[in-house]
**Q** 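Sending over a structure as structure tokens; questions will come in a sec.
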Protein chains: 2
Amino acid sequence: MKSLHKVSRILDCFSAEEPRLGLNDIAEKTGLPRTTVHRVLSSLKDIGLIVQDRNRDDYRLGLRFLSIGGIILSDLDVPRHAREPAAALMHQTGEAVHICVFDGGNVVSIDRHEMDGNRNEIVRQEREPPYCTGTGKAILAALPDETARKLVVKEWKKFTENTITQEDRLFHELAIIRARGYSVDDEERQNGIRCVGAAIRHQARVVGAISVTGPKQRFPESRIPVLADLVTATAARIGLSIEQG
Amino acid sequence: MKSLHKVSRILDCFSAEEPRLGLNDIAEKTGLPRTTVHRVLSSLKDIGLIVQDRNRDDYRLGLRFLSIGGIILSDLDVPRHAREPAAALMHQTGEAVHICVFDGGNVVSIDRHEMDGNRNEIVRQEREPPYCTGTGKAILAALPDETARKLVVKEWKKFTENTITQEDRLFHELAIIRARGYSVDDEERQNGIRCVGAAIRHQARVVGAISVTGPKQRFPESRIPVLADLVTATAARIGLSIEQG
DNA sequence: CTGCCTATTCCGGTATGTGGAACAAGGAAG
DNA sequence: CTTCCTTGTTCCACATACCGGAATAGGCAG
């Protein structure tokens, strides 16, 4: 179904940085003819996935995506079971904790617990490239190589000096992660930020990942294994609580 | 684009109650031939909007919806600006407060602040039929009749004795809401539950709604206007804070 | 008013999606 | 183990629904 791939490319144009786009922007980004883009957008408007305030205004993503997102959230085990252990991990380590979920094709960050005085604020739903984050690499490493390879076909964007941008480099690292049971993101996504992650499993299937994140100074080599123990224990605890329903 | 309407009908099959469906379920619900459903689902799988754990397993909505939902959330003004006033309203009234957003086509509930001891818990993203809730009716009433009519074409499900199931009844009520500036849901969605709502406007455009909800006993006729004053004031305050960026 | 930029409509050819029918793959029952 | 039945999946010839270049309409700035 070719038309749906066009839909996909068009949806890909939207991002948190550019949530509103004109027809020509989209045509240019996708390389599709303007007419075709217009027809697809027009149909997406019909079904509520795209919204245009007035004719000749920019296009935006429709709230129907949020509504559908709500259905997914209510069906996911990870967010429910992870919240409490994640908060505990945050207090144990004093560092920010990320939770993300995995459905076999996408890695999506759904919760972030941050130390903010004594309270923990929850921010939701951000996009995460799978090859350059602690959680993403933990998930990739927990999958068979073949499956993992399908998830990294996208473009390799270099966020920092340390970002991995070669497939064989990545799979070498995944092997290490597999062996020791946790992943480390050493300033690969953002300068000055390190991160230790582990996959969450449910009935032998990878369903998500958890990680602690913080400034390099607070994450010396010596502390990594200590954090890793806590992270993997929390990941296991979450997995276990899911098993029990 | 006919195929996208099929996509829409297929997506509509999924709900919080039935987040996982088999091919035949979907074919039956939509009335589409099994082969067609299979082809569409297969393509939706390709682009990450639908997920199937293993071949011959049930189909589920893909996490990409969540990821896209995150983009929308970050672009919406209402959630950011409404949280604080909504919490204040909850404490003023001692009742649960709902926030929903509107994009010209869909009404989606995004926040619910509930009195739970002294803490307020935030639950997110539920689906709301627009004709039978305080927030939904407040939004419909804030729109020109013609626009509102386009939003209520769907089926009229009778949730309780009081649910409005006739278009002229609804528009009669909308006129009243328009005149007095707030909406009342008198056990129209759920027995024993009343609710007072008002639309949130941003630059003369309706962008959402806010409401207080509670058991009938705590919402006598005499209290409604009192609550309405607080709700409309809060709605206006939210609208104002959006204007200012 | 004029020029230039958008979004939108038109239309004939053909690629693209269509859906009935046949096929495989598990699961349940005997 | 075998049989039967239900489920998802593949095949293929047909015709329809999509394609995209070119022309149109509508807004905004100068």
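The chains referred to below are lettered A, B, ... by the order of the sequence lines, with proteins before strands, and numbering in each begins at 1.
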**Q** For the helix from C:dC1-D:dG30 to C:dG30-D:dC1, how many degrees between its two end axes (five pairs per end), to the nearest 10°?
**A** 50°
**Q** Would you say NZ of A:Lys158 has more than 12 non-hydrogen atoms from neighbouring residues, nucleotides or ligands within 6.0 angstrom?
**A** yes
**Q** Rounded off to whole Å, could you give me the NE2-to-P distance for the B:His38 and D:dT9 pair?
**A** 4 Å
**Q** In this structure, how many angstroms lie between the P atom of D:dG8 and the CD atom of B:Glu28, rounded?
**A** 12 Å
**Q** Within this structure, what is the CZ-to-C1' distance between A:Arg34 and D:dA23, rounded to whole angstrom?
**A** 12 Å
**Q** Which residues pass the side chain to side chain donor-acceptor pair (under 3.5 Å) test with A:Arg169, sequence neighbours left out?
**A** none
**Q** Between A:Gln166 and A:Phe171, is any pair of side-chain heavy atoms under 4.5 Å apart?
**A** no
**Q** With heavy-atom distances below 4.5 Å as the criterion, would you say the side chains of A:Arg64 and B:Asp12 are in contact?
**A** yes
**Q** Does A:Arg60 CZ have over 12 foreign heavy atoms under 6.0 Å away?
**A** yes
**Q** With heavy-atom distances below 4.5 Å as the criterion, would you say the side chains of A:Cys13 and A:Leu21 are in contact?
**A** yes
**Q** Take atom CG of B:Leu23 and atom C1' of D:dT6, then tell me their distance rounded to the nearest Å.
**A** 12 Å
**Q** Give the rounded distance in Å between these two atoms: CG of B:Asn24 and P of D:dC5.
**A** 16 Å
**Q** Answer yes or no: is there a side-chain heavy-atom contact under 4.5 Å between B:Thr36 and B:Lys6?
**A** yes
**Q** Can you tell whether the side chains of B:Arg205 and B:Asp103 come within less than 4.0 Å, N to carboxylate O?
**A** no
**Q** Between the protein and nucleotides 17-20 of chain D, which nitrogen or oxygen pairs are less than 3.5 angstrom apart?
**A**
unit_1 : atom_1 : unit_2  : atom_2 : d
D:dA17 : OP1    : B:Lys2  : NZ     : 2.9
D:dC18 : OP1    : B:Lys2  : N      : 2.6
D:dC18 : OP1    : B:Ser3  : N      : 3.2
D:dC18 : OP2    : B:Lys2  : N      : 3.3
D:dC19 : OP1    : A:Lys6  : NZ     : 2.7
D:dC19 : OP2    : A:Arg39 : NH1    : 2.1
D:dG20 : OP2    : A:Thr36 : OG1    : 2.5
D:dG20 : N7     : A:Arg39 : NH2    : 3.0

**Q** OP1 or OP2 of D:dT9 versus the side-chain N and O atoms of B:Gln52: is any pair under 4.0 Å?
**A** yes
**Q** Whole angstroms only, please: what is the OH-C1' distance between B:Tyr59 and D:dT7?
**A** 10 Å
**Q** Quick check on B:His5: does its NE2 atom have over 12 non-hydrogen neighbours (other residues, nucleotides or ligands) under 6.0 Å away?
**A** yes
**Q** Rounded to the nearest angstrom, tell me the gap between atom CG in B:Leu41 and atom C1' in C:dT18.
**A** 15 Å
**Q** Rounded to the nearest angstrom, tell me the gap between atom CG in A:Asp58 and atom P in C:dT8.
**A** 11 Å
